[in-house]
Amino acid sequence: MRIVPGITVKLKSQNLDSISSHFQQRRCNTHQTNSQTRRGRLRTPKEPNQSMAIAGKLSLSVAPVTHRSVAPLNPLRSSAFFSSSTLQLICSRSNLTIKSPKFRVSASSMNIEAPEKASRASFLDRRESGFLHFVKYHGLGNDFILVDNRDSTEPRITPEQAVKLCDRNFGIGADGVIFAMPGVNGTDYTMRIFNSDGSEPEMCGNGVRCFARFIAELENLQGKQSFTVHTGAGLIVPEIQDDGKVLSVPTLQFQVKVDMGEPILKASDVPTRLPANKDQSAVKSELDVDGVIWNVTCVSMGNPHCVTFGTKGGQNLKVDELNLAEIGPKFEHHSLFPARTNTEFVEIISPSHLKMRVWERGAGATLACGTGACAVVVAAVLEGHAGRSCRVDLPGGPLDIEWRQEDNHVYMTGPAEVVFYGSVPV
């Protein structure tokens with residue numbers, strides 16, 4: 001693990017006894033030296049209820065875990081790495097504080113190391129042979145591995161490699177891998193995605209917000225900025241917001257507003273084999289899923305969505321009561337959706353407030369889906385459940401969605417957050 005000073009990471013624990021037990025199980029040794037050469041000492045409180053601050057240096061060594069390297073939060077353009085054999089820890093009964101911000105976990109072992117000297121090289125400018133440098137982001141818990149691919153029109157890894165990297169037990173763990181590539185047809189950038197199952201979707205709403213933040217950090221963009229992105233769903237225009245008060249609920253999170261374009265409503269273009277029943281669209285159509293009739297509206301935001309507010313003749317849907325893992329795949333692989341489909345189950349809170357859960361095509365149940373939230377508001381308007389501007393609650397948090405009547409475009413606003421930086425052998 002390599003570390004750069006500047007960030008404090010807190011690891012919560014119930015008490016010092018659990019911390020001590022945790023270290024003993026891993027046969028970690030503590031080394032005490034003269035107090036003049038150290039910032040503190042590691043001691044154990046004499047009384048169980050005694051509140052005592054503790055400081056010391058620990059050298060940790062653990063058995064091999066996974067073939068990956070990770071580094072915590074830090075600006076891309078100022079990344080630097082160091083190496084040593086120790087890490088200063090400051091502990092109390094209620095938390096364990098690691099004073100070091102930029103670290104890497106090696107593939108063969110996890111060695112916590114303290115800084116010796118800095119390198120000025122930017123993290124993502126590193127080009128070691130056989131390694132992929134990445135940043136992991138999430139949009140409301142929908143998480144992605146972002147790769148700087150601006151020097152090539154071909155992704156740096158294959159779909160099969162993406163599947164391995166997305167594995168949450170043996171890889172980095174993510175819902176997909178996103179590549180920032182050169183723009184085409186006059187656009188600034190191109191965005192491509194491999195899902196966690198290796199399939200390639202046309203677009204991803206939460207992903208494009210993460211993409212926008214990634215570009216902002218790569219290009220060192222400041223303040224309110226916008227740029228054009230070519231996707232499989234067409235032109236997308238994300239706009240970096242210059243404050244955290246864009247959502248209906250004020251937040252300090254990094255916000256991105258995205259012009260998602262016009263929704264596609266023609267049934268054959270979604271695509272769905274459900275018969276059109278309203279201006280060539282499938283609105284509140286009946287879909288038989290294992291003998292249960294659901295009312296569904298089909299919308300494409302460049303990728304297909306099946307939106308349901310409940311079963312035929314049923315009450316307002318309570319989404320928290322759904323067994324999503326059981327019913328989601330039945331919608332996704334239904335014969336009436338030739339390209340498979342994303343499915344949104346929606347609960348109506350008010351005409352301006354909706355709650356949804358999503359089963360994503362190629363990813364399964366996720367904490368959020370940006371294009372899905374857009375499709376939900378379009379469907380809610382078409383079925384007469386809501387107005388054109390809504391707050392949509394997802395398991396990972398809220399999105400603000402507006403379907404503007406003036407230009408027929410759908411606008412999505414929500415957060416994009418860094419999780420960590422890292423390198424992995426490929």
Check whether [X] reaches the backbone of [Y] with its side chain - one donor and one acceptor, N or O, closer than 3.5 Å.
X: R340; Y: E332; answer: no
X: D143; Y: D175; answer: yes
X: K136; Y: G173; answer: yes
X: T231; Y: M191; answer: no

To the closest 0.5 Å, what do you measure between [atom1] ([X]) and [atom2] ([Y])?
X: I264; Y: D269; atom1: CD1; atom2: CG; value: 6.5 Å
X: L140; Y: L394; atom1: CG; atom2: CG; value: 6.5 Å
X: F337; Y: N342; atom1: CZ; atom2: CG; value: 10.5 Å
X: L382; Y: L265; atom1: CG; atom2: CG; value: 5.5 Å
X: F194; Y: T158; atom1: CZ; atom2: OG1; value: 7.5 Å
X: H138; Y: L367; atom1: NE2; atom2: CG; value: 9.5 Å

May I ask you to say whether E417 pairs ionically with R213, meaning some side-chain N is under 4.0 Å from a carboxylate O? yes
Ion pair present between R357 and E344, side-chain N to carboxylate O less than 4.0 angstrom? no
Beyond-backbone contact of C306 with H334, side-chain heavy atoms, under 4.5 angstrom: no
Could you check whether any side-chain heavy atom of D151 comes within less than 4.5 Å of a side-chain heavy atom of R156, counting everything from C-beta outward? yes
Should the ring pair F420 and F134 be called parallel, tilted or perpendicular, given that the plane angle runs from 0 to 90° and is split at 30 and 60? perpendicular
Derivation of the ring pair (Phe, Tyr, Trp, His ring centres under 6.0 Å) call for F331 and W294: CA-CA 10 Å; F331 277 82; W294 293 78; 5.6 Å; yes
Using the side chain to side chain contact (heavy atoms under 4.5 Å, CB included) definition, which of the options I157, T190, L146, I145 pairs with F179? I157
Using the rule given for ring pair (Phe, Tyr, Trp, His ring centres under 6.0 Å), can you reason through Y421 versus Y137, listing the C-alpha separation, both sets of side-chain angles and the distance that settles it, and then say yes or no? CA-CA 9 Å; Y421 301 75; Y137 291 82; 7.4 Å; no
Is it true that atom CD of Q280 has more than 12 heavy atoms of other residues, nucleotides or ligands lying nearer than 6.0 Å? no
Apply side-chain hydrogen bond (donor to acceptor under 3.5 Å, both in side chains) to the pair T371 and H305, showing each step before the final yes or no. CA-CA 8 Å; T371 55; H305 293 270; 3.1 Å; yes
